[in-house]
Protein chains: 2
Amino acid sequence: MDPVTIKDIARALNLSTSTVSRALRDSYEISPETKRLVMEYAERLNYRPNPIALSLKGSSSKALAVIVPQIANNFFSQAINGIEAIAYNRGYHVIIFQTHESYEREMANVQQAVARRVDGLLLSLSSETSDVTHLHALHAQGVPLVLFDRVAPDLPVTQVVADNFGGAYAATSHLLQTGRRRIAHLTIPPYLSITQERLAGYRAALEQYGVAFDENLVRYGTFGPDEADELVEQLLAQEPRPDAFFTASDRLALGCLTALRKRGIRIPEDISLIGFTNLPAAEMLNPPLSTVTQPAQEIGQLAAERLIELIERKQKASPPATVKLPTTLVIRESSAPPVRAEADFRIGL
Amino acid sequence: MDPVTIKDIARALNLSTSTVSRALRDSYEISPETKRLVMEYAERLNYRPNPIALSLKGSSSKALAVIVPQIANNFFSQAINGIEAIAYNRGYHVIIFQTHESYEREMANVQQAVARRVDGLLLSLSSETSDVTHLHALHAQGVPLVLFDRVAPDLPVTQVVADNFGGAYAATSHLLQTGRRRIAHLTIPPYLSITQERLAGYRAALEQYGVAFDENLVRYGTFGPDEADELVEQLLAQEPRPDAFFTASDRLALGCLTALRKRGIRIPEDISLIGFTNLPAAEMLNPPLSTVTQPAQEIGQLAAERLIELIERKQKASPPATVKLPTTLVIRESSAPPVRAEADFRIGL
DNA sequence: TTGTAAGCGTTATCAG
DNA sequence: CTGATAACGCTTACAA
């Protein structure tokens, strides 16, 4: 019951393997009669070309590598969903790698991916990664590469991101508009492009409203669990106390919510909170969580589309560009209907 | 800058490819001197064996296929996380396929996976799948296969699941113990093993408490969005009205919570609610959600371990067995500290 | 219109 | 100890 090969068909039909190969590809040089014979027989035996042999032959492996820090994460699993959808439509397979936020593993994974002869890579940087020479090398070798979400702006490759600046700007602006002046920013590791963009958006809004930036109000966390409480504690100890929190990850948002609630602080009466997060059911939380969300699936789709485009017509290399997708700010307070606003600001920066 | 092959090394060192091959594998028949030469040169050129050539050669592809209904789902993304962790440790790669709950796509994906010559498959059935002959065929062909979560009990292969019966039994028992008698069960498509197990656990508890099973209290949903409200509406219209809901998926739990809250029904004062779900932050919901959770990551890990075991020593074929991991029931009400209990019941069934 | 043969990178078999 | 050679499944010049 081994898989049927072209050889089996050739033997059975008393033809050469090349004739069979050509017949299957509907080549013009084969007689209709022979074609019919081959096609039918192949159909009957449920012949499937061996993709490994095809890859070895050199053309393409029809596989994409996706390298992300963590699969078990709302943003990334949604993004992968988008990637897989596009890939499947175009006949590509998706090989998943996790870096677990480790630079070492990121490099190892990139190695593995190219060793597997994937046709291209979709990558979101680990939070440890500050040096991207491994990606420069990759790109120099001509390996199709698209970055998404956590990108490296200096790299001359296509990058797909959410409008992190705009989202942070919108969130901070909202807080300022509603009278907040001591806005704490709980964020993720500083190397990351998204961290910097969000911080920039936060600062831009402060500046616009004439509020001085206070670096004591900014705290960098990791992606580990249970760190929010400690950070919130530190921030609450300050004089004057923060009157708002703007957090940069699912975990930090939830952790902050928990920490504030635990201390009997009312949201948003005492302190406002907005999280940059794709957490589901934010409106069902207690209290409801205001969020800036990213179009995760669309980011994945777009990144996959660009990558496949790159793979399939390298000549027409559309110049590498950074594509920015709008984020959405949703303010949720008590049980009032949510206020929606597209965070698509582009103030001069 | 093309990848270095064994041939390149052979040419450069004036050796034959076979010598190089053996030297690299540290074969006993090669002189230490030659070995050193080859090793060093390979190291210097950063030689990596071509895994595609290796696969073609026939031994193993060091790749596992994971076929799940949906990646963007708490349970599955956590399970995949576990799978990837084990796979990575053992030197395997993970190729992800989504069926999107479609039988067609499940079959197509299985086909693709075997065509890719993966060393084994990890599969969780689509909700449309009632006929598993495609898997019987696979197994008959000797393809290593392990099912997890949504399994097919009749298939003579290893299966890894949570104790769905026990979880449902524990949840229902708790509801009964707290005086509920009209317990509605909002569940997922009926073909699924997990649906049946949960229903069985629900019925067993009812029976134990002498409460008659009422099929009008059971509703089957899909995995689509926005269906919970309609189902809840129907159930609430009954006389006497249900005094508790036990739901079987993330979406149904959240949808039910929303539907009840929307109608001003207090949980748990008016109606109790327990969800079979791995939703994060259940304790932060409003009202807090009582849950039965599955050890998703452990299920993934265990399934991957079993599969690799199967792949690597087929002779010692440990007989296929169904492994059941305990679920956890957590009752959350108001802001009282949660009550924990392992749902590890095995009442006679 | 069809067949022969080389080659993709590797390993295994068989001779030196 | 080392080297030729065939083979894995397929495509593609090049012959016929």
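Nothing here was measured: the structure is a model prediction, and the numbers come from that model. A note on names: the letters A, B, ... follow the listed sequences, proteins ahead of strands, and every chain is numbered from 1.
Side chains of I83(B) and F148(B) form a contact here, defined as non-hydrogen atoms less than 4.5 Å apart. The shortest distance between side-chain heavy atoms of V38(A) and I30(A) does not fall below 4.5 Å. Two residues are said to be in side-chain contact when any heavy atoms from C-beta on lie closer than 4.5 Å; F97(B) and H93(A) meet this criterion. By the 4.5 Å heavy-atom criterion applied to side chains, Y88(A) and R105(B) are counted as neighbours. Between V110(B) and I67(B) the shortest side-chain heavy-atom distance falls below 4.5 Å.
Comparing the axis of the opening five pairs of the helix from dT1(C)-dA16(D) to dG16(C)-dC1(D) with that of the closing five pairs yields an angle of 60°, rounded to 10°.
Here the C1' atom of nucleotide dG9(D) and the CZ atom of R117(B) are 8 Å apart, to the nearest Å. If you measure from atom CD1 of I6(A) to atom P of dA5(C), you get 18 Å, rounded to the nearest angstrom. Taking atom NZ of residue K62(A) and atom C1' of nucleotide dG9(D), one finds them 19 Å apart after rounding to whole Å. With rounding to whole Å, I30(A) atom CD1 is found 12 Å from dT12(D) atom C1'. Taking atom CG of residue L54(A) and atom P of nucleotide dG9(C), one finds them 15 Å apart after rounding to whole Å. Atom NZ in K35(A) sits about 9 Å away from atom P in dT1(C), given to the nearest Å. Rounded to an integer number of Å, the gap from I9(A) CD1 to dG9(D) C1' is 12 Å. Look at CZ on R11(A): it is 12 Å from P on dC10(D), rounded to the nearest Å.
Closest contact between the side chain of K57(A) and the listed nucleotides dT2(C), dC8(C), dC8(D) involves dC8(C).
Annotation for E29(A): atom CD counts as buried by contact number, over 12 foreign heavy atoms lying within 6.0 Å. Dense packing is recorded around OH of Y41(A), with more than 12 heavy atoms of other residues, nucleotides or ligands lying under 6.0 Å away. The number of heavy-atom neighbours closer than 6.0 Å to OH of Y103(B), taken from other residues, nucleotides and ligands shown, is above 12.
Remark: the S18(B) side chain and the dA4(D) base include a donor-acceptor N/O pair separated by less than 3.5 Å.
Across A152(B) and L147(B), no two heavy atoms sit closer than the pair N-CD1, 3.5 Å.
The stretch residues 19-26 of chain B touches DNA chain D through T19(B), R22(B), each having a heavy atom under 4.0 angstrom from the strand.
Here L15(B) lies in heavy-atom contact (under 4.0 Å) with sugar-phosphate atoms only.
Within the structure, every side-chain polar atom (N or O) of Y28(A) is placed at least 4.0 Å from both OP1 and OP2 of dT2(C). Between T17(B) and dG3(D), a side-chain N or O to OP1/OP2 separation shorter than 4.0 Å is absent. Put simply, S16(B) has a side-chain N or O that comes within less than 4.0 Å of OP1 or OP2 on dG3(D). Phosphate proximity of dC8(C) to K7(B): present, with a side-chain N or O under 4.0 Å from OP1 or OP2. Regarding contacts with the backbone of dC8(C), every side-chain N or O of T5(B) stays at 4.0 angstrom or more from both OP1 and OP2.
Nucleotides of DNA chain D nearest to E29(A) and V4(A) differ in position, and the one nearer the 5' end is that of V4(A).
The pair E101(B)-R150(B) meets the salt-bridge criterion, with a side-chain N (NZ, NE, NH1 or NH2) lying under 4.0 Å from an Asp/Glu carboxylate O.
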